[in-house]
Amino acid sequence: MREKPRVPAKPSVLARKEPPLHAPQPGESVFLVVERVASVEIGGAPAALTSIPGETVTIPFDVANKGNGDDAFVLTSTLPPAYQAAFFHDAVGTGQVRAGEPSVTETPRLAMGQKTRFLLRARLPIELLDGARQAFEIKASSKADPTVSQAAPVALTASAPSLRGVFALDRKTVKPGEAVSYTLTVQNAGSANSRLARVVVSYPGSLSLASATPPATSADPLTHAASWDLDRLAPRDRKALRLDFRVREDAMADQDLVVRAVLQSAQGEPAVSVVSAGARVESVAGVRVAGIDAPRTVFPRETIFIPFTLKNTGNGPDKFSVRAQGDAGAVSVYEDRNRDGIRQPDEPLVEMTRILNPQEEVSLLASLTVPADEPDARRQAIRVVAASERTRSATAEAARLIVVSRPIVTIATQMASKEGVPGKVFSYQLVCTNTGTSPARRVTISESLPPELEFVDSQPRPGRVDGQRLAWEIADLGSGQKEVLTVGVRVKRGIPAGTAVRKATSVRYTDLRDQVYE
């Protein structure tokens, strides 16, 4: 059966009337979507700071998210690595880095318009000089858009002590043994106090430190150095250190006595060297001649060599004229090159020495031949005189005493009576005496009897009898020693009365140098 179509019901007049619904037409698109825009702002960073080298400086700054969405920002700086820069999140706002707090390299995620505080901590290199300026930037870069960043310029300036020094010298030329003073003025030319600065002064070995004002903290004469510790030296302050020296006797001529100082700052400033002007050592000539003090015993006809030494006691190279003289005759001077006290054939005669350096010494031999007729026990002086070629007034002299020693043997005839009876024996004595200061050796006494006498006997017996000639030998006859020979003879018969009888006595001997005396 066929259904009847439904007829819609009519609304009730009592029902509420609703507005019609509006629906987008099929296929309609979104009109606009707002894009994400990154933006950052750095503020609160000081434009300039001053700090002391070696100390840590903390730089506060703010980072604000000015973008239209949440964002985090990477933190960097252009400080050199020597500054050891590091970032810290100052969430509490104390302006100080807490102990043990870790460093950061980026901000936490910040909402739109949110701002937070950070600290950049850096350490100024200790070697920075006063006034050294380091300009750099603190930079924050968006993580959402790395092309978006902002930088805040900052400049760090070092405030440090700057030690400077200058020497003053009280004289330009000095001589060995004289005094000379150097005054070092130390000034702090920097903008910060110098704390625990140290001054070390070194001086040449030709100077001997006599005193220092103020007294040095330490002084070592072996290393030729003195030091001072300066507790505090404010900017522009000065400190004077005076050093009084004595020039050593061995100071070389024409050298410049230069004193050096090193100024060391505890804040790390590089050490500063200060060099004084040089005090020139004047040339001083000097010579010393020396010989052996003890007298030397010599013998007649002996050629002797007496040692002397000549030393250049001046402070520069020099040559010296040499002359010698003696009471016994001419004296020659030779250089004893091998110092053996004996003149060798290749050792030259010296009238002018070679050039001698300061404190250099040369050995000399003064030579002379003792005259044969020099009397026994005569004392004579051999003098050597030297004069500087540089300064004629610089002279020296030394003398050596020689004493002549020789044996002197005399024979005296002693007899009881000067008369003899023909045919009868009588005796006489030969008294042999050495009156010299040196022993006589191999003494030979010869007695020649005249024809009127006849040899009978003697005590001691002669060592040799040759006709009328008798000879005795004595091995040694010391100084002052005496030997007596008794000779018995007979006057021959038939000798006329009144005949004068004469005999001849002679003596021959040698000294300790085997030189013969008759």
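Annotation for A197 and L163: closest pair CB-CD1, 3.8 Å, computed over non-hydrogen atoms. The heavy-atom pair separating A86 from S103 by the smallest distance is CB-CB, 4.1 Å. Closest of all the heavy-atom pairs between S159 and T50 is CB-CG2, 3.4 Å. Nearest heavy-atom pair across E335 and L364 is CA-CD2, 4.3 Å. Here the shortest heavy-atom pairing between P146 and S141 reads O-CB, 4.5 Å. Nearest heavy-atom pair across V404 and Q380 is CG2-NE2, 4.1 Å.
From D336, atom CG reaches atom CG of N338 across 5.5 Å, with rounding to the nearest 0.5 Å. Atoms CG and CG, from D340 and L365 in turn, are 7.5 Å apart once rounded to the nearest 0.5 Å. The CG atom of L230 sits 11.0 Å away from the CG atom of D237 when rounded to the nearest 0.5 Å. Distance check, rounded to the nearest 0.5 Å: CG of L156 to CG of L124 gives 5.5 Å. If you take CD1 on I342 and CD on E347, they are separated by 9.5 Å, rounding to the nearest 0.5 Å. With rounding to the nearest 0.5 Å, the separation of NZ in K66 from NZ in K115 is 7.5 Å.
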Please report the C-alpha distance between I138 and F87 in whole Å, then the side-chain angles of each, then the deciding distance to 0.1 Å, and finally whether the side chain to side chain contact (heavy atoms under 4.5 Å, CB included) criterion is met.
CA-CA 10 Å; I138 300 174; F87 292 98; 4.0 Å; yes
Between L356 and D318, does the side chain to side chain contact (heavy atoms under 4.5 Å, CB included) criterion hold? Intermediate values first, please.
CA-CA 5 Å; L356 301 179; D318 202 352; over 6 Å; no
CA sep, side-chain torsions, deciding dist, call: S332, L349, side chain to side chain contact (heavy atoms under 4.5 Å, CB included)
CA-CA 7 Å; S332 300; L349 183 70; 3.8 Å; yes
Are V259 and L207 close enough, and set up right, to give a side chain to side chain contact (heavy atoms under 4.5 Å, CB included), and what steps lead you there?
CA-CA 10 Å; V259 175; L207 291 176; 4.2 Å; yes
Just do the side-chain hydrogen bond (donor to acceptor under 3.5 Å, both in side chains) check on T185 and R238 with the steps written out, would you?
CA-CA 7 Å; T185 300; R238 298 170 180 265; 5.9 Å; no
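Summarising the local packing, CZ of R296 is surrounded by more than 12 heavy atoms from other residues, nucleotides or ligands at distances under 6.0 Å. Around atom CE of M112, no more than 12 heavy atoms belonging to other residues, nucleotides or ligands sit under 6.0 Å away. Sparse packing is recorded around CD1 of I355, with 12 or fewer heavy atoms of other residues, nucleotides or ligands lying under 6.0 Å away. Within a 6.0 Å radius of CZ in R337, more than 12 heavy atoms belonging to other residues, nucleotides or ligands are found. In this structure, R109 places its CZ atom where more than 12 heavy-atom neighbours from other residues, nucleotides or ligands lie under 6.0 Å away. For E361, the CD atom sits in a packed shell: over 12 heavy atoms of surrounding residues, nucleotides or ligands are nearer than 6.0 Å.
Checked by atom type and distance alone, the side chain of N315 pairs as donor or acceptor with a backbone atom of E282 at under 3.5 Å. Remark: the backbone N or O of Q114 is not paired with any side-chain donor or acceptor of N65 at under 3.5 angstrom. Not one N or O on the side chain of D220 forms a donor-acceptor pair closer than 3.5 Å with the backbone of A225. Of the possible donor and acceptor atoms, one in the side chain of N68 sits under 3.5 Å from a partner among the backbone N and O of E35. Distance alone, capped at 3.5 Å, is enough to place a donor-acceptor pair between the R400 side chain and the A294 backbone. Judged purely by atom type and a 3.5 angstrom limit, R236 uses its side chain to pair as donor or acceptor with the backbone of A189. Within the 3.5 Å criterion, the main-chain N or O of D229 finds a donor-acceptor partner in the side chain of T217. Looking at D71, its side chain does come within 3.5 Å of a backbone N or O of A144 through a donor-acceptor pair. The backbone N or O of K319 sits nowhere less than 3.5 Å from a side-chain atom of E389 that would complete a donor-acceptor pair. The backbone N or O of L233 lies less than 3.5 Å from a partner atom in the side chain of N188, making a donor-acceptor pair.
Between the side chains of R121 and T56, no donor-acceptor pair of N or O atoms lies under 3.5 Å. No hydrogens or angles considered: a donor-acceptor pair under 3.5 Å links the side chains of T303 and T369. Counted by atom type alone, R339 and S363 present one or more donor-acceptor pairs between their side chains at under 3.5 Å.
At a threshold of 4.5 Å between non-hydrogen side-chain atoms, the residues V289 and E397 do not count as touching. Counting only heavy atoms from C-beta outward, the side chains of P161 and R195 never approach each other to under 4.5 Å. Taking the side chain as every heavy atom from C-beta outward, T116 and F73 never approach each other to under 4.5 Å. Between V201 and W228, some side-chain heavy-atom pair lies under the 4.5 Å cut-off. Side-chain contact between V40 and S142 is absent, with no heavy atoms from C-beta onward closer than 4.5 Å. Between P307 and I292 there is a side-chain heavy-atom pair separated by less than 4.5 Å. Looking at heavy atoms from C-beta onward, V63 lies in side-chain contact with L75 at the 4.5 angstrom threshold. S218 places a side-chain heavy atom less than 4.5 Å from the side chain of S227.
Tested against E178, the residues R171, R246, R248 include a single salt bridge (Lys or Arg N to Asp or Glu O under 4.0 Å) partner, R171. With respect to T353, the side-chain contact (heavy atoms from CB on, under 4.5 Å) criterion is satisfied by exactly one of V287, V333, V322: V322.
Classified by interplanar angle (parallel below 30°, tilted 30° to 60°, perpendicular above 60°), the ring pair Y203/F245 is tilted. Between F118 and F61, the ring-plane angle classifies as parallel under the 30° and 60° cut-offs.
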